[in-house]
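Worksheet: one structure, shown below.
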Amino acid sequence: MTLPALPPQASIAMAAVNGPRFVADLRALSRFGGRDDGGVSREALTDTECQARQWLVQQLQGAQYQWRVDDAANLWVRRAGRDDALAPVMTGSHIDTQPVGGWLDGAYGVMAGLEVLRALDDAGLTTHRPIEVMAWTNEEGSRFGPGAMGSSAFADATRLPAFLAAKSPQGDAFATERDKALAATPSAVHHPLGHPVHAYVEAHIEQGPVLEDGGQRLGVVTFIQGVRWFDITVHGSSAHAGTTPMGVRQDALLAAASLVHRLHAAAMARQDPDLRWTVGRFEVSPGSVNTVADRVRFTVDLRHPQEAVLDAMEATLRAALVADAGTCRCDCRDLMRRAPTPFDPRVLGVLEAAAQLTGEPYRQLGSGAFHDAMYLADVCPAAMLFVPSHRGISHNAAEDTPEADLIAGVRALAATLFTLADAD
């Protein structure tokens with residue numbers, strides 16, 4: 001692909017990025033929910049995350065800026081463009097974490113966006129279009145399910161009522177916690193949920209080992225792989241472990257274990273390095289040491305960048321549930337379906353040209369994890385930028401990325417956003 005020529009001011013925007021300032025701000029954010037082991041506990045819409053939101057709003061002020069919030073509690077800042085009626089160029093990510101997360105994850109993308117705006121100010125650069133930096137609500141989905149509530153509701157506002165009805169495992173209502181988050185930033189102007197976007201670029205740590213193993217500092221993300229989640233229940237019959245002969249048992253655990261092995265063998269037989277399948281939950285009832293299991297419930301997470309492969313693996317799964325359950329019966333319920341998300345070639349071209357302009361080693365790659373960009377791609381041209389993750393670790397207190405890599409990503413993001421925002 002022939003890469004587009006970037007305007008001369010893109011280099012000026014890149015050079016204006018203040019690396020030490022950016023890292024200091026990112027570490028300051030990590031203190032909201034910071035743990036002694038270096039991790040961060042800042043789940044969505046908790047008091048801790050609300051305090052972090054208040055801090056964010058204080059970081060960027062000025063006549064050219066307006067902080068906004070919508071009915072999904074998405075929080076963002078808008079930097080005015082020379083033609084402020086035009087659809088904005090958007091960046092950002094999320095600041096919520098897993099119960100025990102790292103200091104980077106989505107926070108990197110939010111703070112990278114704020115640093116780009118500061119760099120443009122320092123360089124005295126304006127843009128034709130506005131630029132918006134988003135902090136999306138509940139990307140992780142650890143406190144309220146599903147994840148990516150804010151970005152998916154932005155893309156389709158009809159999803160919001162179901163999200164508002166969600167409750168945490170502790171019984172906290174999303175609607176109530178949403179209202180608390182709205183009240184935490186009273187200076188943010190309330191804005192309708194969803195609006196036209198010219199382009200979206202999200203910066204994120206890779207959460208995998210590809211960039212570090214390859215010696216690249218930047219990753220131009222060309223797609224997010226498709227996913228299907230299944231909830232499978234195997235029904236057997238409980239019986240006494242000491243008195244029931246093996247040949248007459250309806251052992252749900254044995255049947256479930258055989259099914260898991262069959263699915264694993266089918267996945268491995270494909271010899272496809274892009275295929276991912278995972279049993280993430282396995283629940284046995286009644287769970288007694290001397291009782292044959294009468295019910296087993298387990299989940300399957302299936303991922304691949306090609307829909308045809310997802311179809312083939314799902315067909316294998318459903319055939320196995322019928323043919324290999326023995327005397328037991330199986331139910332299969334869909335939990336989630338999401339087609340592969342290809343990113344926009346035009347935005348990818350600008351992003352790759354910006355990566356090249358940094359002089360840092362980079363490569364194209366795909367994302368195996370969900371991100372808010374997946375939903376933004378439904379409503380506007382989108383792409384993602386990755387920086388390496390040390391040893392591929394994420395959602396863990398040990399999550400880390402060298403500061404030089406973090407700064408290189410912000411520099412590439414600055415050139416990208418300026419180029420997109422200064423175009424007609």
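Hydrogens, waters and symmetry mates play no part in the numbers below; they use all other heavy atoms, side chains included.
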Using ring centroids (six-membered ring only for Trp), state whether [Y] and [X] fall under 6.0 Å.
X	Y	answer
F174	F144	yes
W76	H191	yes
F154	W136	yes

Once you round to the nearest 0.5 Å, how far does [atom1] of [X] lie from [atom2] of [Y]?
X	Y	atom1	atom2	result
R42	D105	CZ	CG	9.5 Å
L417	Y200	CG	OH	10.5 Å
T416	L351	OG1	CG	4.5 Å
D37	R35	CG	CZ	4.0 Å
D294	L253	CG	CG	11.0 Å
S168	R143	OG	CZ	5.5 Å

Side-chain contact test, heavy atoms from C-beta onward, threshold under 4.5 Å: evaluate it for [X] versus [Y] and give yes or no.
X	Y	value
Y65	Q61	no
R295	V234	no
V40	S30	yes
T299	I232	no
V197	V379	no
L317	C332	yes
L45	K180	no
L259	C330	yes

Would a distance-only check, ignoring hydrogens and angles, find a side-chain to backbone donor-acceptor pair under 3.5 Å from [X] to [Y]?
X	Y	answer
R249	A241	yes
Q225	G366	no
N396	E399	no
D334	M336	no
D96	E140	yes
R337	V227	no
D84	G81	yes
Q54	A184	yes
S152	M149	yes
T291	G287	no

On a heavy-atom basis, which atom in [X] and which in [Y] lie closest, and how many Å separate them?
X	Y	result
A107	L29	CB-CD2, 3.7 Å
L406	L26	CD1-CD2, 4.2 Å
C380	A199	SG-C, 4.3 Å
L385	G409	CD2-O, 3.3 Å
G19	I407	CA-CD1, 3.6 Å
E206	L211	OE1-N, 3.0 Å

Kindly check if the number of other-residue, nucleotide or ligand heavy atoms within 6.0 Å of [atom1] ([X]) is above 12?
X	atom1	value
H195	NE2	yes
M268	CE	no
R391	CZ	no
K167	NZ	no

T137 pairs by side chain to side chain donor-acceptor pair (under 3.5 Å) with which of R53, E177, R178? R53
Would you mind telling me which of E49, E202, E139 makes a side chain to side chain donor-acceptor pair (under 3.5 Å) with H94? E139
Take Q250 and V292, measure what side-chain contact (heavy atoms from CB on, under 4.5 Å) needs, and give me the verdict at the end. CA-CA 8 Å; Q250 288 181 286; V292 175; over 6 Å; no
Relative to W67, does R78 satisfy both conditions: NZ or CZ under 6.0 angstrom from the six-membered ring centre, and within 45 degrees of the ring's axis? no
With a cut-off of under 6.0 Å to the ring centre and 45° to the axis, is R338 in cation-pi contact with Y375? yes
Before accepting this row, confirm whether a basic side-chain N of the pair R27/D25 lies closer than 4.0 Å to the acidic partner's carboxylate O. no
Do R303 and D272 meet the salt-bridge criterion of a basic N to acidic O distance under 4.0 Å? no
Are Q207 and S389 linked by a side-chain donor-acceptor pair shorter than 3.5 Å? no
Can a side-chain donor-acceptor contact be found between E43 and S142 if the only test is distance below 3.5 angstrom? yes
Of T91, L75, L60, L56, the one forming a side-chain contact (heavy atoms from CB on, under 4.5 Å) with V133 is T91
Audit row: R79, E132, salt bridge (charged side-chain N to carboxylate O under 4.0 Å, His left out) steps and yes/no: CA-CA 6 Å; R79 185 182 193 260; E132 295 180 342; over 6 Å; no
Walk me through it: do D400 and W103 pass the test side-chain contact (heavy atoms from CB on, under 4.5 Å)? CA-CA 7 Å; D400 201 15; W103 73 291; 3.1 Å; yes
Please collect all salt bridge (charged side-chain N to carboxylate O under 4.0 Å, His left out) contacts where either partner lies in residues 209-235, sequence neighbours excluded, each pair once. R217-E360, R217-D405, R228-E307, R228-D311, R228-E314, D231-R281, D231-R297, D231-R333
For a side chain to side chain donor-acceptor pair (under 3.5 Å) check, start with the C-alpha distance between D372 and S151, then their side-chain angles and the critical distance, and finish with the verdict. CA-CA 6 Å; D372 293 304; S151 54; 2.6 Å; yes
Just to verify, what does Y362 make a ring pair (Phe, Tyr, Trp, His ring centres under 6.0 Å) with, not counting sequence neighbours? none
If you look only at pairs with a residue in residues 211-255, which of them pass as a ring pair (Phe, Tyr, Trp, His ring centres under 6.0 Å), with sequence neighbours excluded? W229-F370
Might you work through the side-chain contact (heavy atoms from CB on, under 4.5 Å) test for V220 and L348, ending with a clear yes or no? CA-CA 7 Å; V220 177; L348 286 171; 3.8 Å; yes
If you apply the rule side-chain contact (heavy atoms from CB on, under 4.5 Å), what do you find for H304 with M313, and how did you get there? CA-CA 10 Å; H304 197 274; M313 282 301 298; over 6 Å; no
